[in-house]
Amino acid sequence: DVNDNSPVCYPATYDVAIDEGTTGSQAVSVSCTDNDGDTLTLAIIDGNDGSFSLSSTQLVVDTALDYDASSQFYMLNISATDGSYTAYALITIRVSPVNEFTPSITSSYSVSISEDSALDTTFHTLAATDSDYNLHADGIVEYSIVGGNDGSFVVSKSSGEMKISQTLNREKTDLYEILVRVRDTGSTSLSTTTTVSITVTDINDNLPMFDPATYIIDVRESVAAGSTVGRVTASDDDDPASTNSQITYSITSGNTNSDFTMSADYIVTANDMDYETTTLYVLKVRAIDGLASDVYRYSSTAIVSVSVIPVNEYSPTLAGDQSITVSESEVTGTIIGTLSAPDSDSSTTGHGIQLFEVTSTGSTSAENNFYVDKYTGDVYLTSALDRETKDTYTLEVMAYDNDGVNVTLNSTITLTIVVSDDNDYVPKFSSRQ
């Protein structure tokens, strides 16, 4: 036989799809013939990067194909020669992507946003990656919130931008643990999750509030200056760890003579109390939050009624030993004098009321001849006098105050009553002359 026929490859073109990651498999069988019956030698003459080889007429995948990192298709030129003549075939290999990789994202994020942030504010952007080819569905990621949300936040499906969707209130919720799922869009989808911890930071948006709003305090007038006599209570719902809830107290009105001051939330006497000067204080106490340097501060007030309780401080004062002169002819029942014992305690209390009592007499006749009115201090003549019989009487008189229950403070004097002479006798001759 004479070699007078060229080899023929039929078909001359092949189009084959191979999944990435495939290795060691026979991708296609190349069919070439020669009518002379010569043995043909097949070879890859172009387009091979070492991933393929020919075993007889079988195209074999030697190295795993990678759609994401290497070629996504190959064009292999195959030659078939009988030694004299050559035929050619073209094999197009299309590498089919396989969803190999799960999206990757940081496992957790921590974000802080102010509670007064505007709606639709973007406060964080998630960034996930997928090692699958990013122009294929297997490498394109989508974001969604799957837990921990009360409607306050949304995430963009495509960009991962997180936005505020409703007004925040730190006093209601100060921390959100938002669970976000990241998935690829491949036909066999792979996904992972991440947690976004959102701390809502405080603004000064709450007033300090007193509870109760009115107070009644009793203070004895004997209490020393610098004594704590009461306490007011206000609270602020802003963040207790911030200065927004820091409360400063002050007295804004009713503080006569500046007799009180504030020490934190305690009411303290700044001066001595004096019932005789002031019996009642109606203090207006202000609670203001924040710092003096803050632009926005809020305050509220409480009313504190402070009643001063009187103390028996002073004794009724009789002005030394006293003397009354009365005519021996004075009519019984007559007021022959009046004792006075001023008491610096208020007359509206028992402490300032003076009472009188004869505690001792020089003789029984003095007790019988005179009477001192307990309430007025008036000294009455109760029986007829006779200077020639007795010209001087002595009474010990005590003045005391009384609160209606107990005798408290007193003073005592000696009252001397001198009987003056009247011309009540006719002269008599001692004998006849």
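Computed from a predicted model, the values in this text were never measured in an experiment.
At least one donor-acceptor pair under 3.5 Å links the side chain of Ser165 to the backbone N or O of Gly151. Counting only distance, with no hydrogens or angles, the side chain of Thr338 and the backbone of Asp378 share no donor-acceptor pair below 3.5 Å. The main-chain N or O of Phe260 is found under 3.5 Å from a side-chain atom of Asn255 such that the two form a donor-acceptor pair. Counting only distance, with no hydrogens or angles, the side chain of Asp422 and the backbone of Ser329 share a donor-acceptor pair below 3.5 Å. Remark: the backbone N or O of Val268 is not paired with any side-chain donor or acceptor of Thr261 at under 3.5 angstrom. Without hydrogens or angle criteria, Ser110 side chain to Ser197 main chain gives no donor-acceptor distance under 3.5 Å. Of the possible polar contacts, one joining the Ser411 side chain to the Pro316 backbone as a donor-acceptor pair under 3.5 Å is found. Under a 3.5 Å cut-off, the side chain of Arg183 and the backbone N or O of Leu190 do not form any donor-acceptor pair. Checked by atom type and distance alone, the side chain of Ser104 never pairs as donor or acceptor with a backbone atom of Thr129 at under 3.5 Å. Checking side-chain atoms of Asp132 against main-chain N and O of Asn99 turns up no donor-acceptor pair under 3.5 Å.
Using a 4.5 Å heavy-atom threshold, the side chains of Asn48 and Tyr74 count as separate. No side-chain heavy atom of Leu291 sits less than 4.5 Å from a side-chain heavy atom of Arg297. The side-chain heavy atoms of Val229 and Val306, taken from C-beta on, include no pair separated by under 4.5 Å. Counting only heavy atoms from C-beta outward, the side chains of Phe370 and Leu381 approach each other to under 4.5 Å. Two residues are said to be in side-chain contact when any heavy atoms from C-beta on lie closer than 4.5 Å; Asp138 and Asp130 fail this criterion. Annotation: side chain of His124 is not in contact with side chain of Ile113 (no heavy-atom distance under 4.5 Å). Using a 4.5 Å heavy-atom threshold, the side chains of Phe52 and Leu65 count as touching. When side chains are defined from C-beta on, Tyr296 does not count as touching Ile203, because their heavy atoms never get closer than 4.5 Å.
When all heavy atoms are compared, the tightest approach of Asp238 to Arg170 is C-NH2, 3.3 Å. Here the closest heavy-atom approach between residue Ser107 and residue Thr194 is recorded as O-OG1, 3.0 Å. Contact record, Val419 with Glu328: CG1-CB, 3.4 Å, taken as the closest heavy-atom pair. Nearest heavy-atom pair across Ser96 and Ala17 is OG-CB, 3.8 Å. In this structure, Tyr249 and Ala234 approach most closely via the heavy-atom pair OH-N, 3.3 Å. Of all the heavy atoms in Ala287 and Ile247, the pair that sits closest is CB-CG2, 3.7 Å.
Of the charged side-chain nitrogens involved, at least one lies within less than 4.0 Å of a carboxylate oxygen, so that Asp15 and Arg94 count as a salt-bridged pair.
Atom CG in Leu395 sits 5.0 Å away from atom CG in Leu415 (nearest 0.5 Å). In this structure, CD on Gln246 lies 11.5 Å from CD1 on Ile288, to the nearest 0.5 angstrom. Atom CG of Asp46 and atom CD1 of Ile78 lie 9.5 Å apart (nearest 0.5 Å). One finds the OG atom of Ser51 at 10.0 Å from the CD1 atom of Ile18 (value rounded to the nearest 0.5 Å). In this structure, NZ in Lys163 is found 4.0 Å from OG1 in Thr122, a value given to the nearest 0.5 Å. Note that CG of Asp184 and OG of Ser131 are 11.0 Å apart. Values are rounded to the nearest 0.5 Å.
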- Query: For Asp202 and Glu171, what are the C-alpha separation, side-chain angles and deciding distance, and is it a side-chain contact (heavy atoms from CB on, under 4.5 Å)?
  - Reply: CA-CA 8 Å; Asp202 190 44; Glu171 287 69 45; 3.0 Å; yes

- Query: Under the side-chain contact (heavy atoms from CB on, under 4.5 Å) criterion, do Glu115 and Asn169 qualify, and how do the steps go?
  - Reply: CA-CA 6 Å; Glu115 65 177 321; Asn169 184 355; 3.7 Å; yes

- Item | Phe153 and Val196: CA distance, side-chain angles, deciding distance, side-chain contact (heavy atoms from CB on, under 4.5 Å) verdict | CA-CA 11 Å; Phe153 308 100; Val196 182; over 6 Å; no

- Dump the intermediate steps for side-chain contact (heavy atoms from CB on, under 4.5 Å) on Ile93 and Leu59, then the final yes or no. CA-CA 11 Å; Ile93 305 295; Leu59 181 67; 3.9 Å; yes

- Message: Before you tell me yes or no, could you show the steps for Asp239 and Ser242 under side chain to side chain donor-acceptor pair (under 3.5 Å), namely the whole-Å CA-CA distance, both residues' side-chain angles and the distance that decides it to 0.1 Å?
- Response: CA-CA 5 Å; Asp239 185 358; Ser242 78; 4.7 Å; no

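Each of Thr199, Asp150, Thr195 was compared with Tyr176 under the side chain to side chain donor-acceptor pair (under 3.5 Å) criterion, and only Asp150 meets it.
Heavy atoms from other residues, nucleotides or ligands lying under 6.0 Å from CD1 of Ile309 number more than 12.
Side-chain contact annotation: Gln58 with Ser29, donor-acceptor N/O pair under 3.5 Å present. Using modelled atom types, one finds no donor on one side chain facing an acceptor on the other under 3.5 Å when comparing Thr125 with Glu161. Residues Asp294 and Asn204 have side chains that never bring a donor and an acceptor to within less than 3.5 angstrom of each other. Side-chain contact annotation: Thr382 with Asn369, donor-acceptor N/O pair under 3.5 Å absent. Side-chain contact, Asp373 with Thr376: a donor N or O sits under 3.5 Å from an acceptor N or O. Residues Asp259 and Asn271 bring a donor and an acceptor atom of their side chains to less than 3.5 Å of each other.
A perpendicular orientation is assigned to the rings of Phe210 and Tyr215, their planes being inclined by more than 60° (bins at 30° and 60°).
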